[in-house]
4 protein chains.
Amino acid sequence: MKAYKYRLGGSIEDLRLVEIDIPRPGPGQVLIRMRAASLNFRDLLVVSGKYPRAQQETIIPLSDGAGEIAELGRGVTGFAVGDRVMPAFFQSWLRGPMAPADAASALGGSIDGVAAEFCVFDAERVVHFAPHLSFVEASTLPCAGLTAWNGLNGPVPICAADTVLTLGTGGVSIFALQLARASGARVIVTSSSDAKLDRDRQLGASSVVNYRREPEWDGAVRELTAGSGVDHVIETGGGGTMQRSIASTRRGGWIHVIGLIAPGTIDTVHILLSGVILRGTEVGSRDMLKALNRAVANAHLQPVIDRVYEFTELPAALRQLEAGEHFGKLVLSLD
Amino acid sequence: MKAYKYRLGGSIEDLRLVEIDIPRPGPGQVLIRMRAASLNFRDLLVVSGKYPRAQQETIIPLSDGAGEIAELGRGVTGFAVGDRVMPAFFQSWLRGPMAPADAASALGGSIDGVAAEFCVFDAERVVHFAPHLSFVEASTLPCAGLTAWNGLNGPVPICAADTVLTLGTGGVSIFALQLARASGARVIVTSSSDAKLDRDRQLGASSVVNYRREPEWDGAVRELTAGSGVDHVIETGGGGTMQRSIASTRRGGWIHVIGLIAPGTIDTVHILLSGVILRGTEVGSRDMLKALNRAVANAHLQPVIDRVYEFTELPAALRQLEAGEHFGKLVLSLD
Amino acid sequence: MKAYKYRLGGSIEDLRLVEIDIPRPGPGQVLIRMRAASLNFRDLLVVSGKYPRAQQETIIPLSDGAGEIAELGRGVTGFAVGDRVMPAFFQSWLRGPMAPADAASALGGSIDGVAAEFCVFDAERVVHFAPHLSFVEASTLPCAGLTAWNGLNGPVPICAADTVLTLGTGGVSIFALQLARASGARVIVTSSSDAKLDRDRQLGASSVVNYRREPEWDGAVRELTAGSGVDHVIETGGGGTMQRSIASTRRGGWIHVIGLIAPGTIDTVHILLSGVILRGTEVGSRDMLKALNRAVANAHLQPVIDRVYEFTELPAALRQLEAGEHFGKLVLSLD
Amino acid sequence: MKAYKYRLGGSIEDLRLVEIDIPRPGPGQVLIRMRAASLNFRDLLVVSGKYPRAQQETIIPLSDGAGEIAELGRGVTGFAVGDRVMPAFFQSWLRGPMAPADAASALGGSIDGVAAEFCVFDAERVVHFAPHLSFVEASTLPCAGLTAWNGLNGPVPICAADTVLTLGTGGVSIFALQLARASGARVIVTSSSDAKLDRDRQLGASSVVNYRREPEWDGAVRELTAGSGVDHVIETGGGGTMQRSIASTRRGGWIHVIGLIAPGTIDTVHILLSGVILRGTEVGSRDMLKALNRAVANAHLQPVIDRVYEFTELPAALRQLEAGEHFGKLVLSLD
């Protein structure tokens, strides 16, 4: 079978599509014929050697994929050949709170990922996906979709009376918009592009703010909430936006800190005086991935796909990701 | 002005439409010109003398109404003449948990209600309603809508991954269906009427069970949830349905006990072995009513109205309520 | 080695102390030399054939034990020979909410228990216990201690401002008293025996009610809480006490329904009008058992032991349990 | 009567003890004869003109006091002359979440405080205090005690299995130590003084870290928690300690950000990678003050008093506060 391999500390050019043996499922394991794999900003960090949790010198990249079960290992129950499934991002994080050791079980970073024609996983680390999704659509959920879900469903989850603020139009932000709308919340979106904000409106955003035209966009968000501020922010901007995100949030509201894009600092006194809650937010557990799939099924949610590439085109897909002009997910199809 | 009055311990026939003085707003109060009032099953208990919290011999009935502000008392801020508002069901329950004394502040039962052309309330006990609603639609929220909201948003609120079971097609059940759908949940509905179940489907019910054809409907609900049971039940059936509601619910799931319709008993051992949580559920606080209006606005939710009566037709409206064949709310209009 | 075996559907007389081979730990397993085992009311149900979850014809009884690790299977980490440990009551329930299948993994009921000189368990299903405890003391935690902990630490856990009501002086009730006190709560205890109530006072009970002298003890509990009612009830009484437990509880307060002792019924209207929350409460997960041990260590809590028997005296210990005159746990020692 | 007045933007020297009329309670109000008032670090900010919420040019300082009711205004229920009470820090924040406007109702900063022989308050803004406390002891609760309580009892409150970290020996930190111990938690304390750490041990601290001897004290805290980190930090240090506080906390653990002492910045990437939750923490509502008093009563908690001054010695007391060598609260007595 074909699989991608990359050498730690390399670059996109170092990705190699190699021929290796199809792995065999051991007891309790399943063999999955992968049908699609999607890209995340994190994959750029991995292939450029900047991912903080890399552990091996050579690895199969990509964390997010979907496929069908090709073979069952001994003793597997609850799955059948042909079932449509996806593996969990953190393989060892099944349910409850994340344990420190779980960080070392991230697909396509700490351990081998899904950029291969076949993969083997423990059956308990794989979930069925929402029935209305294609493989291409399903492949977008494990990292980007689940991060948005975990942000919106933390210790105090969103409710239908809430207002949610999302920043920009990255993969997590678009899922956060769709999932927050599906949960009944009102959503305010920021972007620098009117064209992208139009897309956001079509996806259900009640209000949009072009931060190029309104550089002090926290004031605009305050106005849109009659002065009170939003209940939740999906904070994918990092250091460059945090200060205004805090200023956009009501006392007791939540800022879910996501993404490694732009480092920066915040003043501790602002946390105190604003009365907000800042939460470092991870991707999520296998049970959260099951919950996400239930929610996606309930809402018949359609993941937004920007472009589908052939499996052989991973380097090109990564370069489009790098360029940052897409709206929606970039996906490899293995049909 | 005209107002209804009823004598405790009487019947529908004892309702009198009388002429009384328009009340004047004191400091901190508002005068509301009522534009619509809706009926609840509780109103039948009140006018037939069976309401357990009745406190006065003569009272203006009905708890649920909407109108516009006609005059502001001294010192009122946050409201203007012409604002579209509704008074809170429990006048003294503003926020946080319910205090024992709040039970005695229920409109149209413990104290004078809204079946009058003008009413005076403390400004802090009144809330603005969702902008897209008509007066007739808004008048359905304070009791039926808020009870459904409180059920779905208790100590552990619903999330978009949940499945909710509603029983029958009373006012609370229809609101629970609509609000649960707006919150992203899947909803299963029971009824004895295929025609009503068709209406439920149009409102978003994913699955319906006709309990006349399937008297052991808990089995059907289990099957619809792949054996696991639902996450929340809005239990409006009382003694007649409780046993099957418990059997329909997953371990750790919630049964929100609502409604005084049908008394009955349950076996304590079933609570233990099923691992469910039963919660006696009140209407809700003023702050919950604000939250409900935000959620209704976010979702552009349309309350279901069965029939609109003239203000003078309250006895006829109550008799239709008694007959129990309606689907949606019965409302008096005071235009 | 020696182990007890009993035949399903038999009686205490059918217990046999037999000689069987010492089991061997497989990969990921540990061999424990058991040093103590404690008795629960549930064990009487098991040996008299009344336990609803019994699954095998012949079984090693008792769920609660403590011992030291005698041998490690291949690949076990986090444990060493000599470590002082206890197995989890539900072997397959590790963390998060209970899954339906977990019910079939209860020690000494659904599967072999701890009434043996040596036992083998998966290492991940075993926890270290609080360092200050003896084996005899530690053996009392897995069922009785953990049930009390789970009751007090449900969806809305107790806090130091709360008042807790415990009924009688069974094993769960005494642990609930001790753990609630250790958590800062005020505790009210009922019993029919002044001598036992004196013991409760020594354990920290702030107020006691002799329900023989005050058969309407819910009134007494109301008075002790200035009319407002308690925040949590550890309801071990079942049908015989539930009505008064509800009447003793504040609106929004929790009644944790535990124990199979006395069946009975409650009126659904009482749940609604009282506004209480009734929760069927299971023993608990492995992670909860870890948390319990941390809490027991933090508080230097001393489990109350009524009497320690020799391992060979299990029938006599069960008969004392049956008589019901003990205060504190009955334990077998295997020194 | 005598009362202190200070001029905004002044200094300790500008405090004047003046003679003014005893105020009269209006309808719904109570007149309190103040018997004690305690000092907080915030009072130094107020009298030196650095308090961000100051609103008037001249004010009666101090927020924390206790006294007895001297006279009831018309219509007051629930209180009697002679009752031992304390006013709430934020007069308008009664229950539920804090509203933006509540910030302007802080005693002795935004509005007149308690450094007077008599004060008038709305009866609903005053609470009875724990019966075992003297006036001097009770006067320490409204700001310092309640801030510690609010920190420990946030959206996810501490439980008896938790470990709490407190920094230094300021008023909030000592209350946090006592309240966390009363709630069953294990407490780790840092200080630069072995003498103060000895006092902390006597108050129940399980472990202490002298950060002068161990400047990398987060490593010491990690070791004391077997590598996993603490569950809650009461973060009174600000910019100077935040980085190490984050490093001391488990994934998903809470850092309650309190105090305006030392500004500073934190890196947003640390929040993400550590997975901690940072929460800006206010003093608390009236209902929280009631809960605190219940908890203090349940535990017979004794506030730690460093020194009691005469009412006329406020300037001297403020100078001792400024010097920072005290352990426990500084209180004025008005006997």
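So you know, we letter chains A, B, ... as the sequences are listed, proteins then strands, and number each from 1.
The only option from B:Thr265, B:Ile266, B:Asp218 that meets the side-chain contact (heavy atoms from CB on, under 4.5 Å) definition with B:Gln243 turns out to be B:Ile266.
Considering only heavy atoms from C-beta on, C:Gln91 stays 4.5 Å or farther from C:Arg286 through its side chain.
Contact count versus chain B (heavy atoms, under 4.5 Å) is highest, among C:Gly238, C:Gly264, C:Gly275, C:Gly239, for C:Gly264.
Neither the backbone nor the side chain of B:Ser274 comes within less than 4.5 Å of any heavy atom in chain C. If you measure heavy-atom distances from C:Val156 to chain B, the contacts under 4.5 Å come from the side chain alone. Only the side chain of C:Pro155 comes within contact range of chain B, with at least one heavy atom under 4.5 Å from a heavy atom of that chain.
Using cut-offs of 30° and 60° for the angle between ring planes, the B:Trp254 and C:Trp254 rings count as perpendicular.
Salt bridge B:Asp162/B:Arg186: absent, no basic N to carboxylate O contact under 4.0 Å.
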